[in-house]
Protein chains: 2
Amino acid sequence: MLTKTELSNYCNEAREKYLPHISIDCVVFGFHEGMLKVLLLETKNQEEYYLPGGFLQKVEPIENAANRILKERTGLDDIFLKQFYVFGDPDRSKEHFDLYKEMLPENENWFANRFLTIGYYALVDFFDVDPTPDQFSISCNWVDLNQLPKLGLDHANIINTALGTLRVQLNYQPIGYNLMPKLFTMPELQKLYETILDKKLDRRNFQRRMLGFGILTKAEETRKGGAHKAPYLYSFDMENYKAALTAGLKGGW
Amino acid sequence: MLTKTELSNYCNEAREKYLPHISIDCVVFGFHEGMLKVLLLETKNQEEYYLPGGFLQKVEPIENAANRILKERTGLDDIFLKQFYVFGDPDRSKEHFDLYKEMLPENENWFANRFLTIGYYALVDFFDVDPTPDQFSISCNWVDLNQLPKLGLDHANIINTALGTLRVQLNYQPIGYNLMPKLFTMPELQKLYETILDKKLDRRNFQRRMLGFGILTKAEETRKGGAHKAPYLYSFDMENYKAALTAGLKGGW
DNA sequence: ACAAAAGTGTTTGATATACACCCATGT
DNA sequence: ACATGGGTGTATATCAAACACTTTTGT
């Protein structure tokens, strides 16, 4: 738990360094064991979970801020980040204010203000990252989208909106590329699509269509060790992938 | 031209009423004579044109603010508005600051700050609105997208981004409905699509596909007075239209 | 009568959908 | 041997693309 002095120091520092009223929150998606997961922080102060978020420095481009914040709070660096919406209900940060209002007078309390938050979503290779909590957090963990804990502020809503965006953009953004490991099997990729779209897809048609895009390279090897026939491994052909996406992968599922 | 006193009063009022660092700008699209147009204001202070924009009141939902601002600055009321992006380059409002910095000391100057702006786009029936400039503007006029004048700040960029969004969302949002008058002909609707997509479409295939969606109602009457064969008039069937859009009008052009 | 715009229908190719059989692997 | 998941092929329906002729209207 923060002491009053710590909180006071933090507020003073924040007032100096950051723009007031504006924050950034990141929804980091990962894909593991056939499930979509998001990175959540558990704060020291509360029993609640939060999206990794932070504030915008006074002369800092928003994109940079989003990357910096994600790095600071989770250790993740150099990943695909995309702005998707601004959440600005006047009451959305009230809860945060309430929490601290006993400890500091209103005019000294950085949180005693309305905050708009700019939502970014990120897509990462689950196995390629090592989530590390920052000093304000007990833990930084992957949580299954279907088993979200109680979330602070309006963060549940932010996650849902991000997921909706993901669905719509599945045909326009390199979503598969960023979420899958370097090598993956066709059934694994299909599982990702099925999870995002929340819909079963036909195995054979999925494969034909994916291969038809010409964005996948079939590897020599197969994924050994499974209990059944060893599936082939694929990787994304970055060249063709980017080209195909700018044109838009036409047709919806 | 604003006097120093007027500017000073405005700044004091703004500081009291609005959140700092945040603005809203609206790109209002209309369709007239086969051309996409946007509403621009010509300011009294400068020889430049601006998007209708304004600030967010301290306890006001963003959506409400966007509607209020549009009403205040252009007279337009109760129209389709949709948030599409936040523009936050630290230098984007520098120009505005430079303009006023001679007149007021920096700490009294509301504009001497960084502003992020939340972009909204609006779609209106050209004939159904009566653009009216506010007290800060000489004029409020429709301008052809292909003949944009010199625009202040980063407003040219905001317009381009809005147009890009329009293109992508053509299959997901009720774009036709909001831009067309109650009754319209098939060639008129086609012209709208062609203008937004910047692409020629086949007359017959367009008609078949549009009718195939089941969102149009054919009227008895035809559009008389044209120099040639009188085209039929159509209107949108709001019920089916909404239903079709939630499912997404599948397939791209 | 003719030019220009609008209405309508048909053919063709591509793509989505549905479905069935064979193959490899661990138990 | 068999259950399970993975690989592959084919027939069918649906839709997009390309294209031509007829109708209406003002000049």
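Numbered from 1 within each chain, the chains take letters A, B, ... in sequence-line order.
Judged by atom type and distance alone, Asp202(B) does not reach the base of dA16(D) through any side-chain donor-acceptor pair under 3.5 Å. Between the side chain of Arg204(A) and the base of dT17(C) there is no donor-acceptor pair of N/O atoms closer than 3.5 Å.
Remark on DNA chain C: of its neighbouring residues Lys224(A) and Leu211(B), the 5'-side contact belongs to Leu211(B), judged by nearest-heavy-atom nucleotide.
In this structure, His155(B) has its ring center no closer than 6.0 Å to that of Tyr49(B).
Spacing between atom CG of Leu201(A) and atom P of dA16(C) amounts to 12 Å, rounded to whole angstrom units. Atom CG of Asn205(A) and atom C1' of dA14(C) are 14 Å apart (whole Å). The nearest whole Å value for the distance from the CZ atom in Arg208(A) to the P atom in dT15(C) is 11 Å. Between Phe206(B) atom CZ and dC15(D) atom C1' there is a gap of 16 Å when expressed in whole angstrom units. One atom, CD of Gln207(A), and another, P of dA20(C), lie 19 Å apart when rounded to the nearest Å. In this entry the distance linking CD of Gln190(B) with P of dG7(C) reads 10 Å, nearest Å. As a whole-Å value, the separation of Arg223(B) CZ from dT25(D) C1' is 16 Å. Atom pair Met210(B):CE and dC15(D):P shows a separation of 15 Å (rounding to whole Å applied).
Using modelled atom types and a 3.5 Å distance limit, the side chains of Glu42(B) and Ser139(B) yield a donor-acceptor pair.
A salt bridge links Lys71(B) and Asp77(B); the closest N-O separation between the charged side-chain nitrogens and carboxylate oxygens is under 4.0 Å. Remark: Glu194(A) does not engage Lys199(A) in a salt bridge, criterion side-chain N to carboxylate O under 4.0 Å.
Just one of Phe31(A), Phe184(A), Trp142(A) meets the ring pair (Phe, Tyr, Trp, His ring centres under 6.0 Å) condition when paired with Phe126(A); it is Trp142(A).
Seen from the ring of Tyr121(B), Lys82(B) does not count as a face-on cation partner, given the 6.0 Å and 45° thresholds.
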Between the protein and nucleotides 1-6 of chain C, which nitrogen or oxygen pairs are less than 3.5 angstrom apart?
from, atom 1, to, atom 2, distance (Å)
dA4(C), N3, His228(B), ND1, 3.2

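Applying the salt bridge (Lys or Arg N to Asp or Glu O under 4.0 Å) test to Asp154(B) and every residue at least two apart in sequence or in another chain returns Arg92(B).
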